[in-house]
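The structure under discussion appears below in the form of structure tokens.
All figures in this text were calculated on a predicted structure; none of them were measured in a lab. In what follows, every chain begins at residue 1, and chains take the letters A, B, ... in the order their sequences are listed.
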There are 2 protein chains.
Amino acid sequence: MNYSVSEENYIKAIYNLNGNKQPVSTNALAETLDTKPASVTDMLKKLKAKKLIVYQPYQGCRLSAEGVKVALNIVRRHRLWEYFLAEKLKFEWNEVHAVAEELEHVSSPKLIERLDEYLGFPRFDPHGDPIPDHEGKMQTLKQVKLTQLPLHTPAKVSGLTDQSTDMLELLRHRRISIGTAVEINRKFGFDHSVEIKIQDNPLFIISEQAAQHILVHHE
Amino acid sequence: MNYSVSEENYIKAIYNLNGNKQPVSTNALAETLDTKPASVTDMLKKLKAKKLIVYQPYQGCRLSAEGVKVALNIVRRHRLWEYFLAEKLKFEWNEVHAVAEELEHVSSPKLIERLDEYLGFPRFDPHGDPIPDHEGKMQTLKQVKLTQLPLHTPAKVSGLTDQSTDMLELLRHRRISIGTAVEINRKFGFDHSVEIKIQDNPLFIISEQAAQHILVHHE
DNA sequence: ATTTATTTTTAGACAAACCTAAAAAATAAT
DNA sequence: ATTATTTTTTAGGTTTGTCTAAAAATAAAT
Ligand SMILES: [Mn+2]
Ligand SMILES: [Mn+2]
Ligand SMILES: [Mn+2]
Ligand SMILES: [Mn+2]
């Protein structure tokens with residue numbers, strides 16, 4: 001099957017709102033897709049007719065098995081393009097999303113397989129999110145919040161729970177990105193800020209608000 | 001201004017039918033865009049309202065100055081992506097067109113500038129067609145048909161006047177592509193076929209029908 | 001110069017994706 | 001248990017891009 005750009009955007013939005021696990025509300029979809037609830041209802045009917053979601057009026061919607069498959073494919077394309085933009089075209093990691101939002105709809109399977117190969121089969125996008133393979137499988141890391149990383153334990157930044165522009169800007173300024181080696185030197189009980197060391201930079205302190213949105217994995 | 005995928009396809013089609021020089025007929029457009037003449041008329045009215053073409057009923061249409069600008073931009077994107085697909089993702093030169101037809105509509109100026117840079121500012125696409133630079137300028141070579149290349153004159157394949165699948169297939173089989181060094185060893189007056197030498201392959205003969213569609217440049 | 005054939009445009013419809021305003025259902029508050 | 005609030009759906013419209021069938025204009029043939 002081949003889906004329209006709009007249909008694909010809806011399916012991905014449902015997936016991103018955890019619609020493969022819990023039901024997603026009409027309003028939540030309207031919010032993230034920047035459209036009106038009435039328009040969402042229209043589309044939900046169409047997606048239900050195509051058996052991509054299960055949907056009963058007033059009950060929210062969730063992805064069907066087929067819907068999850070389609071969603072994972074769109075997510076795969078999105079994240080591979082993000083990786084390409086960051087790695088090859090040297091886009092900043094806060095710029096890649098908007099462009100990938102368009103590129104993800106180019107529907108040549110061969111293009112995506114070749115791109116994947118060309119990029120060396122990356123498993124994580126520039127935001128640390130896992131890239132599904134051609135079968136939809138993706139690797140998950142056991143991640144901890146930076147605030148919970150034990151002292152003097154070498155770890156790597158592997159994800160973010162806040163991907164807002166403000167957050168990305170702060171991290172760029174601090175020269176922290178996905179893959180950056182990090183180690184906690186000291187924790188301050190008063191405001192829960194942490195003193196960290198990255199690569200060969202001098203020690204510096206990061207606030208609790210920021211640190212709790214930075215995910216790391218170690219060992 | 002930002003144009004829809006359909007508008008862009010029409011503008012590029014008009015350009016490819018030499019609509020910056022001669023008027024293009026409604027039927028010719030319908031033919032190349034695989035649509036109906038009535039639909040073309042509708043779109044021509046819209047493009048005229050946006051001042052991208054000059055159009056009087058029953059007189060055909062041609063691109064305005066602004067229309068040419070827009071067309072060159074689309075052609076630039078199309079050919080840069082073709083180059084990327086052939087050069088980096090190792091697509092065959094007969095496969096690149098269809099995918100580029102979709103990629104050309106992704107509308108991030110920064111993406112295109114970065115891609116151009118990443119590719120090393122190529123000046124010709126895999127079919128030998130010139131790639132407009134960011135100002136719309138493109139390089140033209142003084143080309144001759146292979147049939148008209150003088151004997152024993154080293155030259156390079158630089159273009160095709162027939163880009164049909166059949167033609168591209170034949171050339172791939174003969175291992176001829178854009179940039180291939182070629183030299184004529186002998187011409188046969190009877191059927192105007194030519195015996196040529198490419199790179200370190202043994203001599204072989206090519207028919208007049210094929211040779212007349214292969215453009216080369218020398219010296 | 002008519003007639004015939006071709007090309008192009010108009011008229012009227014349709015599907016996709018969106019909208020506003022009003023009605024209905026589900027929740028929350030008294 | 002009513003009443004009030006929020007959420008969701010329906011009803012009816014709009015825009016974009018397409019279509020078929022019929023009419024009009026142009027070009028070609030007698
Ligand atoms: Mn998108
Ligand atoms: Mn991402
Ligand atoms: Mn196109
Ligand atoms: Mn080309």
Side-chain angles (χ1 to χ4, degrees), chain A residues 1-15 17-19 22-63 67 70-71 74 101-102 104-107, chain B residues 1-15 17-19 22-63 67 70-71 74 101-102 104-107:
Chain A
M1 282 300 135
N2 227 11
Y3 304 102
S4 74
V5 169
S6 248
E7 288 170 333
E8 290 191 344
N9 282 336
Y10 273 86
I11 294 180
K12 188 165 62 99
I14 295 170
Y15 178 86
L17 290 167
N18 285 310
Q22 324 146 18
V24 171
S25 79
T26 301
N27 267 1
L29 269 172
E31 174 76 16
T32 60
L33 288 168
D34 198 29
T35 182
K36 303 289 148 151
S39 309
V40 173
T41 302
D42 284 351
M43 182 59 91
L44 293 184
K45 286 177 185 168
K46 214 189 325 171
L47 295 178
K48 183 188 182 179
K50 297 194 178 184
K51 296 179 196 290
L52 292 171
I53 60 172
V54 307
Y55 162 66
Q56 290 297 98
Y58 299 101
Q59 303 304 125
C61 69
R62 19 184 323 172
L63 292 171
V70 175
I74 303 165
E101 200 58 45
E102 291 195 53
E104 69 188 356
H105 303 292
V106 175
S107 63
Chain B
M1 281 301 134
N2 227 12
Y3 303 104
S4 75
V5 169
S6 249
E7 288 170 333
E8 289 191 344
N9 282 336
Y10 273 87
I11 294 178
K12 188 165 63 98
I14 296 170
Y15 178 86
L17 291 166
N18 285 311
Q22 324 147 18
V24 171
S25 80
T26 301
N27 268 1
L29 269 173
E31 175 76 17
T32 61
L33 288 169
D34 196 30
T35 184
K36 303 288 148 153
S39 309
V40 173
T41 302
D42 284 350
M43 182 59 92
L44 294 184
K45 286 177 186 167
K46 214 187 330 169
L47 295 178
K48 183 188 182 179
K50 296 194 180 185
K51 295 180 196 290
L52 293 171
I53 62 171
V54 308
Y55 162 67
Q56 290 297 99
Y58 298 99
Q59 302 308 122
C61 69
R62 21 186 321 174
L63 292 172
V70 174
I74 303 165
E101 200 59 45
E102 291 196 52
E104 70 188 354
H105 303 291
V106 175
S107 64

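- Regarding contacts with the backbone of C/dA16, every side-chain N or O of A/Tyr10 stays at 4.0 angstrom or more from both OP1 and OP2.
- Interatomic distance, CG of A/Leu47 versus CG of A/Leu52, reported as 6.0 Å (0.5 Å rounding).
- Going from atom CG of B/Asp34 over to atom CG of B/Asn9 covers 11.5 Å, rounded to the nearest 0.5 Å.
- The distance from atom CZ of A/Arg62 to atom CG of A/Leu17, rounded to the nearest 0.5 Å, is 13.5 Å.
- A distance of 11.0 Å separates OG in B/Ser25 from CD in B/Gln22, rounded to the nearest 0.5 Å.
- Checking the phosphate oxygens (OP1, OP2) of C/dA16, no side-chain nitrogen or oxygen of A/Tyr3 falls inside 4.0 Å.
- Between D/dT18 and B/Ser6, a contact under 4.0 Å exists linking OP1 or OP2 to a side-chain N or O.
- Summarising the geometry, atom CG belonging to B/Leu44 is positioned 12.0 Å from atom CD belonging to B/Gln56; distances are rounded to the nearest 0.5 Å.
- Formation of a donor-acceptor pair under 3.5 Å by the A/Thr41 side chain with backbone atoms of A/Pro37 is found in this model.
- In this structure, NZ of B/Lys48 is placed 15 Å from C1' of C/dT8, rounded to the nearest angstrom.
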Please write out each protein N/O paired with an N/O of nucleotides 22-29 of chain D under 3.5 Å, distance rounded to 0.1 Å.
{"from": "D/dA25", "atom 1": "O4'", "to": "B/Tyr58", "atom 2": "OH", "distance (Å)": "3.4"}

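- Of all non-hydrogen atoms in A/Ala30 and A/Lys36, the two that sit nearest each other are CB-C, 3.9 Å.
- In this structure, A/His105 places its NE2 atom 18 Å from P of C/dA16, rounding to the nearest Å.
- A salt bridge links A/Glu101 with A/Lys12: at least one charged nitrogen is closer than 4.0 Å to a carboxylate oxygen.
- B/Lys48 places a side-chain N or O within 3.5 Å of a backbone atom of B/Tyr55 that can act as its donor or acceptor partner.
- Taking atom CG of residue B/Asp42 and atom P of nucleotide D/dT15, one finds them 15 Å apart after rounding to whole Å.
- In this structure, B/Lys45 places its NZ atom 7 Å from C1' of C/dT10, rounding to the nearest Å.
- At whole-Å resolution of the value, CG in B/Leu44 and P in C/dT10 are 11 Å apart.
- For the pair B/Met43 CE and D/dC19 P, the interatomic distance rounds to 11 Å; values are reported in whole Å.
- Using a 4.0 Å cut-off on heavy atoms, the residues of residues 23-39 of chain B that approach DNA chain C are B/Ser25, B/Thr26, B/Asn27, B/Pro37, B/Ala38, listed by number.
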